[in-house]
Amino acid sequence: MKCRVCREPAVIDVPRHNANFCAPHFLDMCRRQVRKAIDDFDMLEADDRILIAVSGGKDSLAIWDMLIDLGYQADGLYIGLGIGSYSDVSGEYARAFATERGLHLIEVSLRDDYGYDVPTATAATRRVPCSACGMSKRHLFDKAAIDGDYTVLVTGHNLDDEAAVLYGNTLRWELEYLARQLPTLPAGNGFPKKVKPLVRLSERETAAWCIIRGIDYLVDECPIAAGNRHLGFKAALNTIEAESPGTKTAFYLNFVEKVAPLLAAHAFANDVTLHPCTRCGAPTTGEICAFCHLVETASAHEPVPVELITGKGARRR
Amino acid sequence: MRVLLRNPRRELDIAGPRRVHALLADLELNRESHLVIRNGTLVPSDEELAADDVVEIRPVISGGAV
Ligand code: SF4
Ligand SMILES: [Zn+2]
Ligand SMILES: [Zn+2]
């Protein structure tokens with residue numbers, strides 16, 4: 001296989017572009033895709049103060065690396081979720097990445113700062129683990145962005161993530177979720193502006209970016225994720241993609257271009273009733289927000305080790 | 001060849017030589033969700049892997065509610 005651009009030996013084939021690339025030209029392709037997402041969806045301005053949600057995995061480290069590479073200023077935020085050794089190791093990868101490049105990483109610990117962790121929250125709420133975890137992360141990312149006067153919050157969601165969520169929401173015709181599944185969400189109602197610059201790159205491509213750039217990231221998966229519905233949607237889409245390259249791209253990008261505008265009226269239908277949480281000030285429909293409720297319930301619960309959750313969680317799902 | 005797989009971490013011995021896409025097909029792994037790495041470098045799908053190569057097949061799919 002030869003690189004489409006320079007005819008030197010290729011290191012990767014990208015079936016959805018019907019092309020093969022050498023390492024430097026693969027990186028160029030990634031930069032172009034991210035640049036195009038940023039421009040097409042009005043994601044970032046040159047003088048933005050950017051906060052990146054960093055997990056220590058491939059996507060968040062790749063987008064941090066790319067944004068710095070493209071000349072932006074960006075700090076990272078890492079949240080210690082307390083998911084056993086998985087969280088310990090993911091924190092080490094995030095810290096090492098920031099230290100080696102002289103970048104600023106803010107750290108929040110659920111256990112130290114809020115008195116609970118994801119396994120304990122899971123046991124205390126009797127819901128699936130990703131529910132308490134996802135809610136905690138969204139709340140703390142928003143809060144850090146607002147408190148730190150960042151103008152935009154960047155997350156590492158890639159094409160596969162977005163296509164899988166879109167697939168799930170489409171199967172159930174969740175109109176409000178569908179209407180809000182946009183690559184750029186404007187600031188407002190107490191929420192920061194949120195953008196997803198990796199939506200034009202697949203997971204295979206963000207992983208390849210890290211390998212070529214020599215970025216060490218945590219390859220092992222969250223022990224709680226195994227077997228969840230989201231992974232099933234990704235696998236289903238990849239089965240189609242293998243037969244028909246480019247399907248995921250068309251599914252997601254055509255949705256954003258052609259369908260999301262038709263659903264705009266559904267997007268913020270419920271936001272009119274939002275007001276500040278009496279405890280923390282975050283926007284909520286009740287008196288106390290869901291995060292403050294979670295903190296109250298989970299921090300009162302005896303700490304639960306992750307092993308207990310992975311056994312139970314597998315059955316419950 | 002020696003093949004390292006992840007999540008869970010395990011090692012297999014596979015008879016070589018073998019092309020990357022054939023190796024993935026043998027192991028019933030989707031090319032969309034895996035990369036193959038030899039000596040720290042990516043190898044494209046038509047590359048022939050030698051009998052004495054050591055390769056990693058790295059899954060690239062992350063899970064979880066997002
Ligand atoms: S997969 Fe793990 S880290 Fe991701 S949301 Fe679920 S519990 Fe949290
Ligand atoms: Zn080239
Ligand atoms: Zn609150």
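These numbers come from a predicted model, not from an experiment. The sequence lines fix the lettering, A, B, ..., with proteins before strands; numbering per chain opens at 1.
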Asn30(B) versus chain A, heavy atoms under 4.5 Å apart: side chain, backbone, both or neither? side chain

If one checks every heavy atom of Asn20(A) against chain B at 4.5 Å, the contacting part turns out to be neither

If you draw a 6.0 Å radius around OH in Tyr177(A), do more than 12 non-hydrogen atoms from other residues or ligands fall strictly inside? no

Please identify, among Glu32(B), Arg6(B), Arg31(B), Arg9(B), the residue contributing the most non-hydrogen atom pairs under 4.5 Å to chain A. Glu32(B)

Which atoms of Leu237(A) come close to chain B, meaning under 4.5 Å heavy atom to heavy atom: side chain ones, backbone ones, both, or neither? neither

State whether the side chain of Asn158(A) and the backbone N or O of Asp160(A) hold a donor-acceptor pair below 3.5 Å, judged by distance alone. yes

Counting heavy-atom pairs under 4.5 Å with chain B, which one of Ala208(A), Gly168(A), Gly57(A), Ser202(A) comes out on top? Ala208(A)

Contacting region of Tyr217(A) [heavy-atom separation from chain B under 4.5 Å]: side chain

Within a strict 4.5 Å, meaning less than it, do heavy atoms of the Asp117(A) and Ile83(A) side chains meet? no

Consider only side-chain N and O atoms of Ser60(A) and Tyr78(A), and report whether a donor and an acceptor are under 3.5 Å apart. no

Got a sec: does the CG of Asp13(B) have more than 12 other heavy atoms crowding it under 6.0 Å? yes

Chain B contact via Pro9(A) - side chain, backbone, both or neither, heavy atoms under 4.5 Å: neither

Hey, which of Asp13(A), Asp59(A), Ile212(A), Val219(A) has the most heavy atom pairs under 4.5 Å with chain B? Val219(A)

Please report the C-alpha distance between Lys194(A) and Thr155(A) in whole Å, then the side-chain angles of each, then the deciding distance to 0.1 Å, and finally whether the side chain to side chain donor-acceptor pair (under 3.5 Å) criterion is met. CA-CA 8 Å; Lys194(A) 294 178 205 179; Thr155(A) 56; over 6 Å; no

